[in-house]
**Q** 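Before anything else, here's the structure in question.
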Amino acid sequence: MSKGLRGIEAGTTSICTVGETGDDLHYRGYDVVDLSEHCIFEEVCYLLLHGNLPNKDQLKSFSNNLISKRSLPDPLKIVLEIIPKETNPMDVLRTACSFLGNIEPEKSFDNQMHCSERLLGIFPSVLNYWYHFSHSGNKISEENDSETIAGHFLHTLHGRKPTETEEKVMNISLILYAEHEFNASTFAARVCAATLSDFYSCVTGAIGTLRGPLHGGANEKAMELISRFEDEESAAQSIYSMLENKELIMGFGHAVYKKQDPRNDIIKKWSKKLSVGRTNEKLYDISSRIERIMKEEKGLFANADFFHASAYNFMDIPTKLFTPIFVCSRVSGWAAHIIEQRSDNKLIRPGAKYVGSDPLDFVPINERD
Ligand code: COA
């Protein structure tokens, strides 16, 4: 028995390897370092969904398809407009996904590629429509001339075209978060897919799973942590005492990687670049100091979430939207896994080691103490 199924191979996949030859990450055989350096997110989505990198024509047609799937149907807008401002935006995405399954049901598995593209296209629109309506009463348009999901997300959030650097960093971020083998939310999606349920149910379950602070929620918790401190010194003192009290420091450690998370160096570099000239530039130095302390004191490394916190903050993204951005990205991986699970399906139904009582004689209710 392995607690948390650690180290157990719970199925086969040809989508992704995590830590196969060290602390590395590959999507369909390509190193995430190369993909994040050379690709836009759409290329990586195509790779995950179709198994190969697109040529120029394929990318153009795939991107156009995604653009055509950004629009919000009126009944969904009505639902989004009644969800209160205080709601966790992950719950908003979960509800929106589930509701789409009502109004645009997946009638047959032949539509699975359409569903994948629909969710990739629509999630940024959903998130920012709800965010603006609930916080300021504005009904934003989901139409803009951004050709990428990264640009569309930032445009609908800020109401302006993003800078080239912002769009690049958002592309990198979406690529880094896109896929991670049998992580908890993907596994949840596969368990649901294995019952031959519909696409929207699989993704709804995955969103609920990603919501937890031990999984996707860590980037928001990391932001709460680093924004507490005035400077590096107060951060250091606080981290030492948190460690003494055996508190978890969010954004550190990993269930699979042992020495480093290969995504950390990439997003850390961009966080540094984005920090230059910002009034809250110190967030980067505070984060770096915490990273050093965690290494020295616990031998723990920053995972992908830690420097995402400052990078997103430098792009003026509200903290409550950090984990939902993860959804906008990881839906590519979930979709690829749902399709893969369906292609060679077997109901997922593990056994459990029983640790309860031995068989007992039944006691009628009148004879119980
Ligand atoms: N802060 C402080 N201590 C940590 C830690 C952290 N972020 N992550 C792990 N540790 C400690 C544990 O307390 C444990 O110490 P112990 O042996 O004295 O009990 C040891 O390191 C091993 O941790 P464990 O929980 O067994 O590792 P895991 O592989 O099961 O867990 C995580 C991996 C990601 C769940 C865990 O590192 C964590 O909770 N991190 C914070 C949340 C986070 O950043 N999640 C995003 C993951 S991408």
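In listed order, ligands and their atoms are each counted from 1.
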**Q** Could you tell me whether a side-chain N or O of H180 sits under 3.5 Å from a main-chain N or O of N183, the two making a donor and an acceptor?
**A**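 Answer holds: no.
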**Q** Under 4.0 angstrom from atom 48 (S) of ligand 1, is there any protein heavy atom?
**A**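 There is a protein heavy atom less than 4.0 Å from atom 48 (S) of ligand 1.
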**Q** Do we see a donor-acceptor contact under 3.5 Å between the side chains of S234 and D231?
**A**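 Side chains of S234 and D231: pair found under 3.5 Å.
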**Q** Under a 4.0 Å threshold between the charged nitrogen and the carboxylate oxygen, would E104 count as salt-bridged to K69?
**A**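 No.
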**Q** Rounded to the nearest 0.5 Å, how far apart are CG of L248 and CE of M242?
**A**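 Reported value, rounded in 0.5 Å steps: 8.5 Å.
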**Q** Is the shortest distance from atom 25 (O) of ligand 1 to a protein heavy atom below 4.0 Å?
**A**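 Under the 4.0 Å cut-off, atom 25 (O) of ligand 1 has no protein heavy-atom neighbours at all.
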**Q** Check this for me: does any side-chain nitrogen of one of K268 and D265 sit under 4.0 Å from a carboxylate oxygen of the other?
**A**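 No, K268 and D265 are not salt-bridged.
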**Q** Taking the six-membered ring for Trp, are F182 and H337 parallel (under 30°), tilted (30 to 60°) or perpendicular (over 60°)?
**A**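 The rings of F182 and H337 stand perpendicular, inter-plane angle above 60°.
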**Q** Check whether any N or O atom of I249, backbone or side chain, sits under 3.5 Å from an N or O atom of ligand 1, and answer yes or no.
**A**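 Among all N and O atoms of I249, at least one is under 3.5 Å from an N or O of ligand 1.
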**Q** Does this structure show an ion pair linking R190 with E340, if we count only N-O contacts that are shorter than 4.0 Å?
**A**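 Judged by the 4.0 Å cut-off on N to carboxylate O distance, R190 and E340 do form a salt bridge.
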**Q** Please tell me if atom 2 (C) of ligand 1 is touched by the protein, where touching means a protein heavy-atom distance below 4.0 Å.
**A**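 Neighbour list for atom 2 (C) of ligand 1 includes protein heavy atoms (cut-off 4.0 Å).
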**Q** Is the shortest distance from atom 5 (C) of ligand 1 to a protein heavy atom below 4.0 Å?
**A**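 At least one protein heavy atom is under 4.0 Å away.
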**Q** Between F252 and ligand 1, does any nitrogen or oxygen pair lie at a separation below 3.5 Å?
**A**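 It does: an N or O of F252 is found under 3.5 Å from an N or O of ligand 1.
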**Q** Report the nearest protein non-hydrogen atom to atom 46 (C) of ligand 1: residue, atom name, distance rounded to 0.1 Å.
**A**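 Of the protein heavy atoms, D305 OD2, 3.4 Å lies nearest.
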**Q** Checking contacts now, so for atom 42 (C) of ligand 1, which I'm interested in, is there any protein heavy atom under 4.0 Å?
**A**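 Given the 4.0 Å limit, the answer for atom 42 (C) of ligand 1 is yes, a protein heavy atom qualifies.
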**Q** By number and element, which atoms of ligand 1 are closer than 4.0 Å to a non-hydrogen atom of A218?
**A**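 Contacts of ligand 1 toward A218, numbered from 1: 43 (C), 44 (O), 45 (N), 46 (C).
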**Q** So which protein heavy atom does atom 45 (N) of ligand 1 come closest to, and at what separation?
**A**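 Here the nearest protein heavy atom works out to L214 O, 3.3 Å.
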**Q** Is there at least one pair of N or O atoms, one from N303 and one from ligand 1, spaced under 3.5 Å apart?
**A**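 N/O-N/O distance below 3.5 Å exists for this pair.
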**Q** Below a 4.0 angstrom heavy-atom separation, can you tell me which part of H215, side chain or backbone, both or neither, approaches ligand 1?
**A**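 Under 4.0 Å from ligand 1, H215 contributes backbone atoms alone.
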**Q** Which residue and non-hydrogen atom of the protein lie closest to atom 29 (O) of ligand 1, and at what distance in Å?
**A**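 Of the protein heavy atoms, A255 CA, 3.3 Å lies nearest.
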**Q** In the protein, which heavy atom is nearest to atom 15 (O) of ligand 1, and how far is it?
**A**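 Here the closest protein heavy atom is K298 NZ, 4.4 Å.
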**Q** Do the side-chain N and O atoms of S98 and T204 include a donor-acceptor pair separated by under 3.5 angstrom?
**A**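 Checked: S98/T204 side chains show no N/O donor-acceptor pair below 3.5 Å.
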**Q** Establish whether atom 22 (C) of ligand 1 and some protein heavy atom are separated by less than 4.0 angstrom.
**A**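 Answer no: nothing from the protein, no heavy atom, is under 4.0 Å.
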**Q** Considering only protein heavy atoms, determine whether one is less than 4.0 Å from atom 10 (N) of ligand 1.
**A**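 So atom 10 (N) of ligand 1 has protein heavy-atom neighbours under 4.0 Å.
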**Q** Between D305 and Y177, do the side chains contain an N or O donor and an N or O acceptor separated by less than 3.5 Å?
**A**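 Yes - a donor-acceptor pair under 3.5 Å links their side chains.
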**Q** Under a 4.0 Å N-O cut-off, is there an ion pair linking R28 with E179?
**A**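 No salt bridge links R28 with E179.
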**Q** Return a yes/no value: protein heavy atom under 4.0 Å from atom 18 (O) of ligand 1?
**A**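 No, because not a single protein heavy atom sits under 4.0 Å from atom 18 (O) of ligand 1.
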**Q** Would you mind listing which atoms of ligand 1 come within a distance below 4.0 Å of any non-hydrogen atom of G253?
**A**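 Contacts of ligand 1 toward G253, numbered from 1: 34 (C), 37 (O).
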**Q** Ion pair present between E233 and R289, side-chain N to carboxylate O less than 4.0 angstrom?
**A**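 So E233 pairs with R289 through a salt bridge.
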**Q** Could you list which atoms of ligand 1 come closer than 4.0 Å to a heavy atom of E247?
**A**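 What qualifies from ligand 1 is 2 (C).
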**Q** Report yes or no: do E224 and T319 form a side-chain donor-acceptor pair below 3.5 Å?
**A**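 Side chains of E224 and T319: no pair found under 3.5 Å.
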**Q** As an exercise, identify every atom of ligand 1 less than 4.0 angstrom from a heavy atom of G251.
**A**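 Near G251, meaning under 4.0 Å from one of its heavy atoms, ligand 1 has 43 (C), 44 (O).
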**Q** Please work out, at 4.0 Å between heavy atoms, whether the side chain, the backbone, both, or neither of L300 comes within that distance of ligand 1.
**A**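 L300 to ligand 1: side-chain contact only, backbone stays beyond 4.0 Å.
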**Q** How about N171 and E167: does a side-chain donor come under 3.5 Å of a side-chain acceptor?
**A**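 Their side chains do not contain a donor-acceptor pair, so the 3.5 Å distance test is not met.
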**Q** Would R6 count as being in polar contact with ligand 1, using the rule that some N or O on each side must be under 3.5 angstrom apart?
**A**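 So ligand 1 has an N or O lying under 3.5 Å from an N or O of R6.
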**Q** Answer yes or no: does an N/O atom from M250 fall short of 3.5 Å to an N/O atom of ligand 1?
**A**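 No, since none of the N or O atoms of M250 sits under 3.5 Å from an N or O of ligand 1.
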**Q** Just say parallel, tilted or perpendicular for the rings of Y129 and F133, cut-offs at 30° and 60°.
**A**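 Y129 vs F133 ring planes: parallel.
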